[in-house]
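One structure is given here, and the rest of the page talks about it.
The chains referred to below are lettered A, B, ... by the order of the sequence lines, with proteins before strands, and numbering in each begins at 1.
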2 protein chains.
Amino acid sequence: MEYSEAKQKFIQAWGTLGSNWGINKAMAQIHALLLLATEPLSAEEIMEELQMSRGNVNMNLRALMDWGIVKKEHKVGERKEFFTTGKDVWDLAKQVSKERRRREIEPILNVLEEVQKVSGDNKKEVAEFKKVTGDLFDFSVKVDSMIDKFTKSDQTWFYKLLMKF
Amino acid sequence: MEYSEAKQKFIQAWGTLGSNWGINKAMAQIHALLLLATEPLSAEEIMEELQMSRGNVNMNLRALMDWGIVKKEHKVGERKEFFTTGKDVWDLAKQVSKERRRREIEPILNVLEEVQKVSGDNKKEVAEFKKVTGDLFDFSVKVDSMIDKFTKSDQTWFYKLLMKF
DNA sequence: CAGTACTTTCAAATATTATTGAAAGTTAAT
DNA sequence: ATTAACTTTCAATAATATTTGAAAGTACTG
């Protein structure tokens, strides 16, 4: 397989995977491109390679920086900005987990906690409600703590985890 | 807090969480409603409670059945169909993990494996490409095997896992 | 078999989300 | 202070995804 074909295929697949996971396609594709790059890329180069508008590239680069997975760089003597992403898959997974935890698990924990305050245990529906939301809360707390451990761990942690079974 | 308010809040939140995870809002809300129900619900009742069209309820119920998390039931003497969902959070998590593994991890593994066949190791870009996609592949295989273990485990597995740290 | 009580389908309408591109903003050099 | 090189913003547009509702399909009942 030709390099250019493989590259396209990978960028495409990464974009699709991203969409499945609530990350927009352009964002995932820019990230894929940076993952493959052997040196920092400018917005211009990204526009060119992915055939995207300047605005789109700019917005998604900012989103990637918000997620903490892309960094700006400056080259000496160059005025424009260049972008890079870390190549360590473990770091990437940790960073993404950390952000999703903050953005998604925390809000649901808050809701689950709040709705537990419902009144009227005597009614069958309310009892069921408390049971279900309580179970979900307990589960979410456990997932949350697991992710927390993961994001603070090193690579070997996960290996060890797998060994255990 | 009133029961009806808490219920609304929970259904709403579950819908939002679903959207974040690539599950459409209606599907997640129907699931939430079934989670709270103390007895099987008919399509009619779901339409009524969630203010959704018949077609939408029908399609999303089918999707939930495809995911293996909602079941049809028949009441004696009743002609229409009723629906239920399991109330065990662990089973639910396992089922969802299993389906997402099949639908999402497997395809990406295939792509990563395929693009590894790129030719021309001598070039810097190709070397980088192989390294990055190879690392992603290794990582994905590990995640895959972890999920596989999870979906085959019982509740205590996760507890034990948490204890280890 | 005809009628009734339901479920399913799907093309069209609506809502949501992503993308563009041109104008406004910023910064650095002269 | 002006210009040039670049970045950011955002209203308009395009693309995508969801929802509707009415018609078609199915199957039970008498």
What's the [atom1]-[atom2] distance between [X] and [N], to the nearest Å?
X: B:Glu44; N: C:dC6; atom1: CD; atom2: P; value: 8 Å
X: A:Ile46; N: C:dT20; atom1: CD1; atom2: P; value: 14 Å
X: B:Asn58; N: D:dG21; atom1: CG; atom2: C1'; value: 13 Å
X: A:Phe83; N: D:dT8; atom1: CZ; atom2: C1'; value: 11 Å
X: A:Arg79; N: D:dT7; atom1: CZ; atom2: P; value: 9 Å
X: A:Lys80; N: C:dA28; atom1: NZ; atom2: C1'; value: 15 Å
X: B:Asp66; N: C:dT8; atom1: CG; atom2: P; value: 12 Å
X: A:Met47; N: C:dA22; atom1: CE; atom2: C1'; value: 12 Å

query = Does a side chain donor of either A:Gln155 or A:Asp88 reach within less than 3.5 Å of an acceptor in the other side chain?
reply = yes

inquiry  = Under a 3.5 Å threshold, yes or no: a donor from one side chain and an acceptor from the other, between B:Glu128 and A:Thr38?
reply    = no

key: N or O in side chain of A:Asn56 less than 4.0 angstrom from C:dT20 OP1/OP2   = yes

Identify whether any heavy atom of [X] sits under 4.0 Å from a base atom; if not, whether one sits that close to sugar-phosphate; answer base, sugar-phosphate or nothing.
X: A:Arg62; value: sugar-phosphate
X: B:Glu81; value: sugar-phosphate
X: B:Asn24; value: sugar-phosphate

query = Is a salt bridge present between B:Lys7 and B:Glu49, judged by a nitrogen-to-oxygen distance below 4.0 Å?
reply = yes

task = Could you pick out which residue, A:Lys25 or B:Ala43, lies toward the 5' side of DNA chain C when each is mapped onto its nearest nucleotide?
result = B:Ala43

ask   = If you pin B:Ser19 and B:Glu78 to their nearest nucleotides in DNA chain C, which one's is more 5'?
value = B:Glu78

request  = Could you check whether the rings of A:Phe129 and B:Phe10 sit parallel, tilted or perpendicular, using 30° and 60° as the cut-offs?
outcome  = perpendicular

message = Students often mix this up, so state it plainly: with edges at 30° and 60°, are the rings of B:Trp90 and A:Phe139 parallel, tilted or perpendicular?
response = perpendicular

query = Side chain of B:Met52: nearest nucleotide among D:dT20, C:dT19, D:dT8?
reply = D:dT20

Whichever of A:Met59 and B:Met59 has its nearest DNA chain D nucleotide further upstream toward 5' = A:Met59

